[in-house]
Amino acid sequence: MTTKTVEKRVLPVSNMGNERTLTLIRYGSGSAGKKAYLQAGLHADEAPGYLVMHHLINLLDTSDAERKIPGEILLIPVANPIGTGQWRDEVLRGRFDYFDNTNFNRKHLDITEKVAEKIQDALSDSPDQNKAIIRQAMADILGGLSPLDESAQLKHLLLSLSFDADIVLDLHCDYQAVTHVYMGSPLWPEASDLSAQVGAESTLLAKVSGANPYDEACSRIWWELAEKFPAYPIPLACLAATIELKGISDVSHELASRDAENIFLFLQRRGLISGKAAELPPLRNDATPLRGMEHIKATVPGVVVYFKAPGDLLQKGDLIAEIVNPLEDDPNRRITRIKSTIDGVLISINVDRFARPGRLLAKIAGKEPLTDKGQNLLTL
Ligand SMILES: [Zn+2]
């Protein structure tokens, strides 16, 4: 008997005659007592994750046929059925809710206070017992919520499927980029095997990013509860990470099958799949603070010519790009040079070649926290 099941969940109907479904693919006997949850396409316009899911399903089908999945592995290959319908001007958008312009990977549920209230008299000296008590409280609270708008319902459903997972991997991509990973700083370096295995050039750490992306909604509650109740042992029970699978056009079977294989090996090393994983590749770069990531923005309108590529190591003052505006009569003003403001790894550049003042041109992962970042460390 194989363990694979495919289930459809219907979102509450928000628009007359429109029904959205989420497809859940589950594997595993559950005998290992561990759960991994993986989703792709929360930003529905990011294609690489969908293709990685295709290759991962093939790998897991084979392991399942050989009865080699003792963990529970839940895949949501298309996590945002609202976003996949957002075609406009021949482009699949899928990053922002059309109704309120909210990024689909921001403002996920934060139930820490509600859980804290519920568990305060129930905690014990056993970390395992505390983990179970907290998960039960999370289940009760999530079960009692029924958000009204469609995006909130989707976010609620996704968290309801993953809150009890030991591992949550949210597959994304950047515009034109090298592979990089976001996760909570308390998870590092215990989770460095994830970054090493997926070949991340950069891992960006924050305790609170200020925007409550999906991975943080799953993991942050654990260290926040541990801080609230220092007298009791509360484990970091959820390793959640956002994996940026290079850039939006990096879609090939070669890349996706390698990414799927790496995720498979990570899950195998973590005990969800039987067998001994191949040797862990070395970590390419140590993690850096998310607060150290510089967002280089355009200051003038024009056409962007890049001189650096993702993965390049930059020094402060290096020329990253020129913005050219042919309408400027003065040749000296026709070109605006954009230079790096810090030392660090160039992890991504924009997908097209147009600038307007304030538009993001490049992200650089630096080692030192920047002082002018404010509370929100992520883009809108
Ligand atoms: Zn994304």
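Note that ligands are numbered from 1 as they come in the structure, with each ligand's atoms numbered from 1 the same way.
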Separation of L60 CG from K4 NZ (nearest 0.5 Å):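 Rounded to the nearest 0.5 Å, the NZ-CG separation comes out at 8.5 Å.
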
Atom name, H43 (N, O or S, nearest to the Zn ion (ligand 1)):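 Minimum-distance N/O/S atom of H43 relative to the Zn ion (ligand 1) is ND1.
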
Name of whichever N/O/S atom of H172 is nearest to the Zn ion (ligand 1):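 The nearest such atom is ND1.
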
Test your reading of the model: is there a side-chain donor-acceptor pair from R67 to the backbone of A65, 3.5 Å cut-off?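 Yes, because the side chain of R67 sits within donor-acceptor range (under 3.5 Å) of the backbone of A65.
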
Please confirm if an N, O or S atom belonging to E46, backbone or side chain, lies less than 2.8 Å from the Zn ion (ligand 1).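 For E46, the answer is yes, given that an N, O or S atom comes within less than 2.8 Å of the Zn ion (ligand 1).
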
Within the supplied structure, the quantity of interest is the number of heavy atoms (other residues, nucleotides, ligands) at a distance under 6.0 Å from K373 NZ; does it exceed 12?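 Counting neighbours around NZ of K373, more than 12 heavy atoms of other residues, nucleotides or ligands fall under 6.0 Å, so yes.
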
Kindly assign one of parallel, tilted or perpendicular to the pair Y37 and Y214, based on the angle between their ring planes and the thresholds 30° and 60°.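 Y37 and Y214: tilted rings.
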
